[in-house]
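Working notes, beginning with the structure itself.
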2 protein chains.
Amino acid sequence: MPSNAEPAPVSAKPPVTLREVAAAAGVSVATASKALNGQGRMTAETRERIRETARLLGFRPNSLAQSLLRKRSFTVGLLTNDTYGRFSLPLMAGVSDALVDKGVSVFLCNVEDDQRLGQLHVEAMLDKRVDGIVATGKRIDRHLPVDLSNLRIPVVYAFTQPDPGAVGLVSDDAGGARLAVEHFLRLGRRRIAHVSGPASFAVVHARAQAWRDVLKENGLAASEPLLGAWSEAWGHDAVEKLFGRAGREEWPDAVFCGNDQIARGVIDALRERGIRVPEDVGVIGFDNWEIVAEATRPPLTSVDMNLSTLGREAGLALLSLVDGQPAAPGIRKLPCRLVVRQSCGGPPE
Amino acid sequence: MPSNAEPAPVSAKPPVTLREVAAAAGVSVATASKALNGQGRMTAETRERIRETARLLGFRPNSLAQSLLRKRSFTVGLLTNDTYGRFSLPLMAGVSDALVDKGVSVFLCNVEDDQRLGQLHVEAMLDKRVDGIVATGKRIDRHLPVDLSNLRIPVVYAFTQPDPGAVGLVSDDAGGARLAVEHFLRLGRRRIAHVSGPASFAVVHARAQAWRDVLKENGLAASEPLLGAWSEAWGHDAVEKLFGRAGREEWPDAVFCGNDQIARGVIDALRERGIRVPEDVGVIGFDNWEIVAEATRPPLTSVDMNLSTLGREAGLALLSLVDGQPAAPGIRKLPCRLVVRQSCGGPPE
DNA sequence: CCTGCATGAGAAAACCTTTTCCCAACCCGC
DNA sequence: GCGGGTTGGGAAAAGGTTTTCTCATGCAGG
């Protein structure tokens, strides 16, 4: 096997072990271990000498060995079916950040919508003795294509449908919608339309219901929301529906959109019709996707789901579960936040 | 410590070990191990009995123990400073996919631009005995904020500046630009302008040079490229510069843009001026960011950097390095691909 | 001087798997 | 019946660390 002749790791020397540190310091491995971990009893002089030796040798304990013994790997799995997607990114970053602080590393596992792949990943993680799993997805009303309900390690669901009895974290879509509509009302807008995505999404209904509720609470009549696709094109079409009819005095003075892409389509279509934003019509989007929200003319006020906070909270929840703290099962909703840019203007002229 | 009273893992029973399998099958652990791994010699009957027992008990070998022994963890680290970014996503997915097939898991490490965080992550990965590291970033002319040059494990750089002597994979920007310009030429376009991002990016020069080269090769004069920002707004401004001047016959009949956002700005601005795309002017973008390229009117023809292929190649390269196959150091450029939509039209009327 | 205890440090088991070496039994041919 | 080879399987070490136990020493008190 010629390929084995020169395995050629980049630099040959293997990591220094505790045994070598102990030998160099003239003590046993047991003493060395205790010295470095602040355990056991020994003279301050001995402890310091061992520590110094370890430092000099560049000793770093082998996590594999530690994990094997402690039955705790300081490693968690992050399962997602949305690697390409826009939502999982900030979420993953949040999870990762929360855990890095505690010295925990994250396995990234992309399962797409493949059962087999999901199974594979979960088994690999279990074999590697992850301490827990965070499951995230691209929509909160769908399950991941893999069953995590009977694992022997804790699981936290973030932005995906949790199994019954598990702990799940999602954004408070209704609250976010309220934020938007109430913002319009504060600015004096009264005829507030709602243009959103497909009816098959749970969030579409949650947001629409909140929109209706706020209007009703303020004595205003709500028309039917306009449901379509999550696209700019649908934003264009919706403007045609809303502003194409006669009766200029019936036109909305505000449009609350189900996402930023729709909002962009709406803004573009309004401009093309000569309707001014925000003077004539205010627009609010959802998601606060900066690349979109900052490119619209004018820049788009939008509801931010605080996904990275959501991820962080998920990470922390998992950690406390791993530490044996019982957590209340059920879905916890985290508040959204309104990011105000220029598409709503000030109070009406 | 009341919190330790009930550590309460979700389900109490620990994983079944090889020892238990061996006991249940009435053999020694050595024999059990060999039976399951297809090693050693024993009667077919014995081997089968052990396998069956293991299956029944749901035995899965403890990766930690295996890794400790084999000095190979089947784990690699993925270091990025672009968790939120658009480039790292497909890249990460590609790396992950390539490795999952070989039973290798990926640690996701987001270092942003933080030296300290980078150091922390690298040390954590080393401690966990990753077999290698893939380093990726958001631009190919910048180093990650961390030094990976003297690690004892192999490192592959993808879409980020490699250390000297290391193996790096990047997209062939010049080739991608050629693809675009040659496409224009094939369609009969002759006055091809180039609008790109800031001069501080190496890719800006690579693409501009290729643009110049192709024009020269075809006996056409190249003006100066218009350099600005990676934004839609700059696309608008560039149109003003290109089409604002008199001499309609001097107007370009094609604009090759440095990215899709610029291209979108260009297309929008052209429409606002009443200049038709693609009839009057063809537009090509770069990046093939579908969310942008499919939303422009008309949909945008764009150069795709094949980032997920890049990621996959990086993963495979790392794997062969880990296996001791020496790899030629230096930067390898992977071809781009032109995704044709409708912003260039057919041959001119 | 002897008992008892605190102190400092080491031996060894444990975590779980793989692999090398070894041994007993059996079979073959002579 | 016996030497040599084969066959089936086990004992033990190794990997690196942590932790529990044990032990020797020295000192104080009686």
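Numbered from 1 within each chain, the chains take letters A, B, ... in sequence-line order.
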Establish, with yes or no, whether the OP1 or OP2 oxygen of D:dG15 is under 4.0 angstrom from a side-chain nitrogen or oxygen of A:N62.
no

Whole-Å distance separating the CG atom of B:L69 from the C1' atom of C:dT18
5 Å

Among side-chain atoms of B:D147 and B:S149, is any donor-acceptor pair under 3.5 angstrom?
yes

Respond yes when some side-chain nitrogen or oxygen of A:K71 is under 4.0 Å from OP1 or OP2 of C:dC16, and no when none is.
yes

Pair A:S105, B:K128 - check side chain to side chain donor-acceptor pair (under 3.5 Å), show working.
CA-CA 9 Å; A:S105 304; B:K128 288 186 172 142; 2.8 Å; yes

Looking at A:R19 and D:dG16, is any side-chain donor or acceptor paired with a base atom of the opposite kind under 3.5 Å?
no

OP1 or OP2 of D:dG9 under 4.0 Å from side-chain N/O of B:T46
yes

Measure from CG on B:L64 to P on C:dT17 and round the result to the nearest Å.
11 Å

Side-chain N or O of B:Q39 versus OP1/OP2 of C:dT19: is the shortest distance under 4.0 Å?
no

Check this one for me: any side-chain N or O of A:T31 less than 4.0 Å away from OP1 or OP2 of C:dG10?
yes

Of the listed C:dT17, D:dG9, C:dT7, the closest approach to the B:M42 side chain comes from D:dG9

May I have the distance from B:R41 (atom CZ) to C:dA25 (atom P), rounded to whole angstrom?
17 Å

Stepwise side chain to side chain contact (heavy atoms under 4.5 Å, CB included) check, B:L334 with B:V170:
CA-CA 6 Å; B:L334 266 54; B:V170 299; over 6 Å; no

From the set C:dC16, D:dT17, D:dG15, return the single nucleotide nearest to any side-chain atom of B:T17.
C:dC16

Between D:dG16 atom C1' and B:Q66 atom CD, what is the distance in whole Å?
17 Å

Atom CZ of A:R70 to atom C1' of D:dT19: distance rounded to whole Å?
12 Å

Ignoring hydrogens and angles, state whether a donor on the side chain of A:D82 or A:S88 is under 3.5 Å from an acceptor on the partner side chain.
yes

The answer to which of B:S28 and A:S63 contacts DNA chain D further toward the 5' end, by nearest nucleotide, is B:S28

Please tell me which of the listed nucleotides, C:dC15, D:dC21, D:dG9, lies nearest to the side chain of A:L68?
C:dC15

Taking only the side-chain heavy atoms of B:A30 (C-beta and beyond), determine which of D:dT18, D:dT19, D:dA11 contains the nearest atom.
D:dA11

Rounded distance in Å - CG (B:L126) to P (D:dG16):
15 Å

I'd like to know if the side chain of B:E123 pairs up with that of B:Q119 as donor and acceptor (distance under 3.5 Å, no hydrogens or angles considered).
yes

Can you tell me the distance, in whole Å, between the CZ atom of B:R47 and the P atom of D:dG9?
10 Å

Does OP1 or OP2 of C:dT18 have a side-chain N or O of B:S67 closer than 4.0 Å?
no

Could you check whether the side chain of A:K34 and the base of C:dG10 have a donor-acceptor pair of N or O atoms closer than 3.5 Å, going by distance alone?
yes

Nearest-nucleotide 5' precedence on DNA chain D, B:G26 against B:R129
B:G26

Any side-chain N or O of A:S33 less than 4.0 Å from the OP1 or OP2 oxygen of D:dT19?
no

